[in-house]
**Q** 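This is the structure, below, for whatever I ask next.
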Amino acid sequence: MNRNDIEQALRDYHWMPKEVDRIQSTLNEVDTSVTAAYGVEASLPKPKGQTSDKVGNEVVRRDKQHRYLVKIKNKMRAVEQMIDHIEDDRDKAVLFCLLDGMSQTQISLHLGLSESRVSKIKNKLVEQIYEGLKEITESEESAGSKERCTRKKKVVC
């Protein structure tokens with residue numbers, strides 16, 4: 001995730017849990033109308049320009065929804081991982097306000113800070129989250145390369 005992605009995730013976080021719940025409930029439902037036609041309906045001509053494979057279309061739709069669900073969950077997880085890395089109480093308060101969907105103006109009124117101060121804190125938070133995620137990614141990559149080296153039984157990596 002780059003800085004813009006992090007900033008967007010902070011802005012969008014307030015609706016993400018509801019969307020995850022909605023998608024999961026949709027994926028858990030079974031639509032029985034996608035079964036193939038039987039009897040006389042099976043022999044009727046199919047419309048042109050459309051795939052007549054209802055089951056295949058449903059699989060594609062569910063796959064797209066699942067990929068979207070994973071994408072949203074990854075964004076949420078990235079933000080949630082970094083909450084504990086923010087040490088300043090005022091910064092945490094601004095972060096939680098952002099995650100609740102408050103605008104910078106609302107946050108400034110709520111916390112009694114200037115809008116420019118809230119903007120600076122938000123930029124600082126984005127930078128801290130970016131650096132924290134970068135460290136986590138680098139440590140996971142180095143752990144993965146060490147694991148590959150031990151599996152290959154190489155002496156020098």
Side-chain angles (χ1 to χ4, degrees), residues 1-86 91-107 118-119 121-154 157:
M1 288 179 84
N2 62 32
R3 289 171 183 84
N4 291 335
D5 292 340
I6 293 168
E7 196 169 335
Q8 188 66 42
L10 291 176
R11 271 194 302 269
D12 293 345
Y13 186 88
H14 68 280
W15 57 261
M16 288 181 181
K18 290 181 237 168
E19 183 67 2
V20 166
D21 291 342
R22 185 192 68 79
I23 293 172
Q24 285 177 336
S25 68
T26 303
L27 290 175
N28 289 335
E29 293 173 1
V30 178
D31 188 7
T32 57
S33 67
V34 297
T35 57
Y38 297 104
V40 177
E41 290 87 17
S43 64
L44 294 174
K46 308 299 184 263
K48 289 188 177 184
Q50 293 181 350
T51 307
S52 62
D53 184 11
K54 291 181 181 180
V55 175
N57 289 340
E58 181 67 10
V59 168
V60 170
R61 186 187 67 78
R62 284 176 171 264
D63 184 54
K64 287 179 183 177
Q65 273 191 324
H66 180 67
R67 280 189 258 137
Y68 178 60
L69 176 68
V70 168
K71 181 181 171 184
I72 291 175
K73 280 185 170 181
N74 286 340
K75 285 183 181 182
M76 288 176 58
R77 190 175 304 116
V79 171
E80 290 166 356
Q81 274 182 314
M82 295 291 97
I83 289 175
D84 293 333
H85 291 55
I86 309 299
D91 292 355
K92 267 192 182 178
V94 170
L95 176 63
F96 287 130
C97 288
L98 287 169
L99 296 180
D100 287 339
M102 293 174 72
S103 69
Q104 290 184 24
T105 304
Q106 291 170 325
I107 295 169
V118 171
S119 179
I121 292 172
K122 183 195 65 136
N123 292 337
K124 179 180 161 186
L125 289 169
V126 168
E127 191 60 36
Q128 286 177 337
I129 292 171
Y130 176 76
E131 292 300 324
L133 290 175
K134 199 164 103 175
E135 287 176 16
I136 290 172
T137 305
E138 289 171 357
S139 67
E140 287 174 353
E141 288 174 358
S142 66
S145 65
K146 287 179 185 176
E147 185 179 317
R148 284 190 296 275
C149 289
T150 57
R151 272 192 272 149
K152 292 181 180 178
K153 305 219 185 243
K154 289 186 177 180
C157 286

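For the numbers below, each heavy atom of this structure counts, side chains included, while hydrogens, waters and symmetry mates do not.
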**Q** Can you tell me if N2 uses its side chain to pair, donor with acceptor, with the backbone of N4 under 3.5 Å?
**A** yes
**Q** When rounded to the nearest 0.5 angstrom, what distance separates CD1 in I121 from CD in Q104?
**A** 10.0 Å
**Q** H66 and R62: side-chain contact (heavy atoms from CB on, under 4.5 Å), yes or no, with the steps?
**A** CA-CA 6 Å; H66 180 67; R62 284 176 171 264; over 6 Å; no
**Q** Measure the CZ-CD distance between R67 and Q65 for me, rounded to the nearest 0.5 Å.
**A**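 Here the rounded value is 11.5 Å.
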**Q** Let's go through K122 and E7 carefully: what are the C-alpha distance in whole Å and the side-chain angles of both, what is the deciding distance for side-chain contact (heavy atoms from CB on, under 4.5 Å) to 0.1 Å, and is it a yes or a no?
**A** CA-CA 8 Å; K122 183 195 65 136; E7 196 169 335; 2.6 Å; yes
**Q** Let me see the working for M1 and Y130 under side-chain contact (heavy atoms from CB on, under 4.5 Å), right down to the final yes or no.
**A** CA-CA 7 Å; M1 288 179 84; Y130 176 76; over 6 Å; no
**Q** Taking salt bridge (Lys or Arg N to Asp or Glu O under 4.0 Å) as the test, write out the residues that go with K92, two or more places apart.
**A** none
**Q** Taking N28 for the side chain and Q24 for the main chain, is one N or O donor matched with an acceptor at less than 3.5 Å?
**A** yes
**Q** Do E19 and R22 touch side chain to side chain, with heavy atoms closer than 4.5 Å?
**A**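 The answer is yes; the side chains approach within 4.5 Å.
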**Q** Do M76 and P17 make a side-chain contact, defined as non-hydrogen atoms from C-beta onward lying under 4.5 Å apart?
**A** yes
**Q** Please report the interatomic distance NE2(H85) to CG(L125), rounded to the nearest 0.5 Å.
**A** 13.5 Å
**Q** Would you mind writing out the side-chain donor-acceptor pairs for residues 131-138 within the sub-3.5 Å range, not counting sequence neighbours?
**A**
from, atom 1, to, atom 2, distance (Å)
T137, OG1, L133, O, 2.8

**Q** Rounded to the nearest 0.5 Å, what separates atom CG in L10 from atom CG in D5?
**A**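 Separation between the atoms: 11.0 Å.
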**Q** Less than 4.0 Å between a side-chain N and a carboxylate O, is that true for R61 and E58?
**A** yes
**Q** Please report the interatomic distance CG(D12) to NZ(K75), rounded to the nearest 0.5 Å.
**A**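 The NZ atom of K75 is 6.5 Å from CG of D12, to the nearest 0.5 Å.
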**Q** Going from CD1 on I86 to CD1 on I129, what distance comes out if it is rounded to the nearest 0.5 angstrom?
**A**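 That separation rounds to 5.5 Å.
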